[in-house]
Amino acid sequence: MTQRRILVTSALPYANYQLHIGNMLEHIQTNFWVRFQKLRGHKCVSLCADDTHGTAIMISAQQQGIREEELIARMQKAHIDDIAGFDAEYDNFGSTNSPENRALCQEIWAAIRKAGLVVEKEVTQLFDPKAGTFLADRQVKGTCPKCGARDQYGDNCDKCGATYSPADLVDPKSAFTGATPEVRGAVHLFIQIERLHRFLAEWTQSGEHLQPEVANYLAGHFLHEPLRDWDVSRPAPYFGFEIPDSPGNYWYVWFDAPIGYMASTRQWCDAHGEAFDDWWRSEATEIHHFIGKDITYFHTLFWPAMLHSAGFSLPTKVHIHGFLTVGGEKMSKSKGTFIRAATYLEHLDPAYLRYYYASKLGPRVDDLDLNLDEFITKINSDLVGKVVNLASRTAKFVEKTGLAAEYPDDGGLFAQAADEGQTIAEAYEQCDTNRAMRQIMAIADRANQYVEHAQPWVLAKDPAKARQLQDICTVGLNLFRQIAVYLAPVLPRMARQTGELLGRPISHWDEAQTPLLGTPVGRFQHMMTRVDKKQVDAMIEASKQPDESAAVVPAGQPEQGSSSIDSDQPLADVPLAPMCSFDDFQKVDLRVARIVAAEDVPEANKLVHLTLSLGGDKRLNVFAGIKSAYKPEDLVGRLVVCVANLAPRKMKFGTSEGMIVAAVGEGGKSLSLVAPDQGARPGHRVQ
RNA sequence: GGGCCCGUAGCUCAGCGGUUAGAGCAGGGGACUCAUAAUCCCUUGGUCGGUGGUUCGAAUCCUCCCGGGCCUACCA
């Protein structure tokens, strides 16, 4: 197979919000595809960045009393952490507010100017005098002039469907400041993309670059009539890049956002000694964009038009996915189904969601529903019951002998699964992961049947049949390894664990073609725990708190009037302990742990019996004196900080192997568990 | 108002012109005990949303209707 050069992007998250599990759908889908291509041995680079410009960012920063740069820097860290938490990292994660992006915007702008596509027009718009900024239609709310419904957006009425301009609203208010907007005129710059109509019609309808339903949508919706000029400038003040040849005007956020793909590429190239033009001006390189259906036209009309005008490569394919619903409905903050990525990670293993998405995603634009009951049964029966169980039921029989030196007769099972690698690969290539998952699970079903009929547990009792036993487990483990290879794009951690178990890392798709023989087998360790409904419930519960500041955590500004907002009483009650050395501190090994089980100890006054997980299958049994402040059922799934190397202590109700850390005040009455900030995972050291 | 997608067993879906419509999960019965109460075997269950057509033959193609979802409605 010839090595392809593939550049892959996900849509740039806006720096005004934290990622939720709907956003993660895209990062995870992209990651499946990227990992698949890399596993196939192709040269594949994945890129993303934060989209940082626009009025909304400016206003958020204003409201928080910080500079825009500070706001976007914080959010970028949060985004990168969330994405990494789901094992979906990019080769480079940049920002549209970067020098690379500014330079590329200028280059593309100059080319579009040179092509004579830019015209100026006067635009009247509502202006927020309090924020000092122009407002888009959706940033104005007021009473519908037709039916009198209140609180409607400036473009149309949800209630009666009337359309109007924001200036028609009765009693209009700025959505940001509540101020009454004024009508003002300003000159905007437009790109006449109608001049590229023929090119766009050809490119979108060629059948190669877009899903058929998307091509139809564009044909029926935009391309059947002249394309309107695209307004690409905004007057100051605007957080973004000023247009060099039009002082006082800034590029509209949707002009510089897609260029962020290129800017991120440039950063990656600079860091890896690669030539930028090899990626964006080369016939030999494929460019794949993964986006949500809400931003279709930007990526299928404007973006190709920009690239075409500036002489860059066009996207090979734009992969468009639908939205995520939870329980068949739009995500809802009040129902707890608006689940932030960070909240999910505090309660559940990222592998679960990765597999669930893989088992539901197809090549079409359909929405994907997260049904929580289905989520639980899918993980438990497919991954734990079928797949992991295969290794779990065979590995220990060959722990001492290792795998057989020759591959035994398995009735053609391995060969069949090896053949199926072809169709599974095609499914991945087409983003039809649900088809791939179905085929992989069929292999697991066959493998379990094989083990069942071969009855290794019977052979294990007869030393004379050791050879036969080894053969059977060699088959079972090799089938398992094939599955792990095929699942590697979805479940990278399981692939790694499989590599460790069998002493050979999984690094290429073709490793599913040849059985592994004569190698030692390690001690089997649990690769995945089953999902407990309680964990899911706890996550929903934790998501219910109305979280208006889905934006950045505000800087801890002390309140006015006092130099400190906090009382000095606690410190006076319990004075500081004598100074200790760094080495003293290092003796105490504090770790992040997840409470995986919590039970009341009825006979005890203060104690709750906790099982802590430090990740993997490392567990600590702890009796914690927190009964006064916490109910056991509220604790399951939470992350806490524990003293992990405390000498075990026998207690009346059992042995306690550690302590969890809590803040204690007012004579031991006020008790608050210390919880790590987002990004922390069980096993991380606290220092 | 315009457009797109979807409607197959209780649930999630596959099949997309050709023998008596399939899978997983759930339900029922049995087996096994190596395995994270996992696994294996057997089994209940569908007039493929409705209607009218095309065809020797339709879940599969076309009409219309009903139901569900989504996107749009001039700075897209």
Side-chain angles (χ1 to χ4, degrees), chain A residues 121-125 134-138 154-157 161-166 186 188-191 193 211-222 224-225 227-234 252 254 292-298 300-302 320 322-323 325 328-330 356 359-360 362 364-369 371 373-378 380-397 434-435 437-439 441-442 444-445 447-461 469 472-473 476 524-532 617:
Chain A
K121 287 194 248 182
E122 170 95 8
V123 169
T124 43
Q125 218 180 339
F134 283 93
L135 297 167
D137 293 358
R138 302 248 166 91
D155 48 359
N156 72 311
C157 174
T163 60
Y164 40 77
S165 93
H188 285 221
L189 301 173
F190 291 77
I191 299 178
I193 56 167
Q211 289 133 299
E213 63 263 45
V214 176
N216 290 342
Y217 159 74
L218 296 172
H221 220 82
F222 297 95
H224 67 289
E225 59 182 11
L227 295 161
R228 295 178 207 113
D229 295 343
W230 182 32
D231 184 351
V232 291
S233 77
R234 294 294 180 274
Y252 175 46
W254 266 109
K293 64 184 181 183
D294 52 327
I295 53 176
T296 297
Y297 58 83
F298 289 112
T300 55
L301 295 174
F302 300 149
I320 304 178
F323 293 149
T325 55
E329 299 177 344
K330 272 191 179 176
Y356 185 82
S359 76
K360 302 291 269 188
R364 286 175 302 178
V365 190
D366 302 339
D367 288 349
L368 186 157
D369 185 49
N371 177 300
D373 291 325
E374 189 195 0
F375 173 81
I376 295 169
T377 56
K378 241 187 203 320
N380 289 349
S381 62
D382 288 2
L383 290 186
V384 182
K386 283 180 189 170
V387 175
V388 174
N389 186 230
L390 256 179
S392 175
R393 67 192 306 202
T394 50
K396 70 173 235 182
F397 293 125
N434 86 74
R435 180 185 291 270
M437 294 308 110
R438 257 182 286 124
Q439 291 186 68
M441 287 311 133
D445 283 337
N448 272 308
Q449 287 165 24
Y450 170 86
V451 174
E452 193 72 23
H453 293 141
Q455 299 187 304
W457 56 93
V458 174
L459 302 174
K461 288 172 186 159
L469 176 65
I472 284 157
C473 295
F524 178 77
Q525 296 183 330
H526 282 188
M527 294 181 175
M528 195 170 294
T529 45
R530 43 188 51 243
V531 192
D532 188 338
D617 59 358

Open item on the list: Could you check whether any side-chain N or O of A/His188 sits under 3.5 Å from a backbone N or O of A/Lys121, counting only pairs where one atom can act as donor and the other as acceptor?
Closed with: no
Task: Under the side-chain hydrogen bond (donor to acceptor under 3.5 Å, both in side chains) test, residues paired with A/Asp369 that sit two or more places apart - done: A/Thr325
Task: P-based separation of B/C42 from B/G57 [nearest Å] - done: 37 Å
Open item on the list: Going by side-chain hydrogen bond (donor to acceptor under 3.5 Å, both in side chains), name the residues that satisfy it together with A/Gln439, two or more places apart in sequence or in a different chain.
Closed with: A/Thr423
- [ ] Considering only atom C1', compute the distance from B/C71 to B/A26 and round it to an integer number of Å.
- [x] 35 Å
- [ ] For A/Trp254, answer base if it contacts any base atom (sugar-phosphate contacts may also be present), sugar-phosphate if it contacts only those atoms, and nothing otherwise; contact means non-hydrogen atoms under 4.0 Å.
- [x] nothing
Task: C1' spacing across the pair B/A23 / B/A14, given as an integer number of angstrom - done: 7 Å
- [ ] Write down the distance between CZ (A/Phe222) and P (B/G2), rounded to a whole number of angstrom.
- [x] 17 Å
Task: Intra- and inter-strand pairs of RNA chain B in dot-bracket (Watson-Crick or G-U wobble, both distances under 3.5 Å; | for another strand) - done: ((((((((.[[[[.)..(...]]]].(((((.......))))).....[[.[[..)....]].]])))))))....
Task: Partner set under side-chain hydrogen bond (donor to acceptor under 3.5 Å, both in side chains) for A/Arg438, not counting sequence neighbours - done: A/Asn434
Open item on the list: Please encode protein proximity along nucleotides 6-15 of chain B as a string of B, S and -, counting only heavy-atom distances under 4.0 Å.
Closed with: S-----SSSS
Open item on the list: Using the side-chain heavy atoms of A/Phe302, tell me which of these nucleotides is nearest: B/A76, B/C70, B/C25.
Closed with: B/A76
- [ ] Could you check whether the rings of A/Trp254 and A/Phe298 sit parallel, tilted or perpendicular, using 30° and 60° as the cut-offs?
- [x] parallel
Task: Separation of the P atoms in B/U60 and B/C74, to the nearest angstrom - done: 39 Å
Open item on the list: In whole Å, I'd like the distance from the CG atom of A/Asp294 to the C1' atom of B/G69.
Closed with: 16 Å
TODO: Let me have a per-nucleotide readout for nucleotides 30-39 of chain B, 5' to 3', with B, S or -, counting only protein heavy atoms under 4.0 Å.
DONE: --SSBBB-SB
Open item on the list: Taking the P atom in each of B/U8 and B/U54, what is the distance between them to the nearest angstrom?
Closed with: 27 Å
Open item on the list: I need the OH-C1' distance between A/Tyr297 and B/C75, as an integer number of Å.
Closed with: 11 Å
Open item on the list: Using a 4.0 Å heavy-atom cut-off, does A/Phe298 contact any base of the nucleic acid, only the sugar-phosphate backbone, or nothing at all?
Closed with: nothing
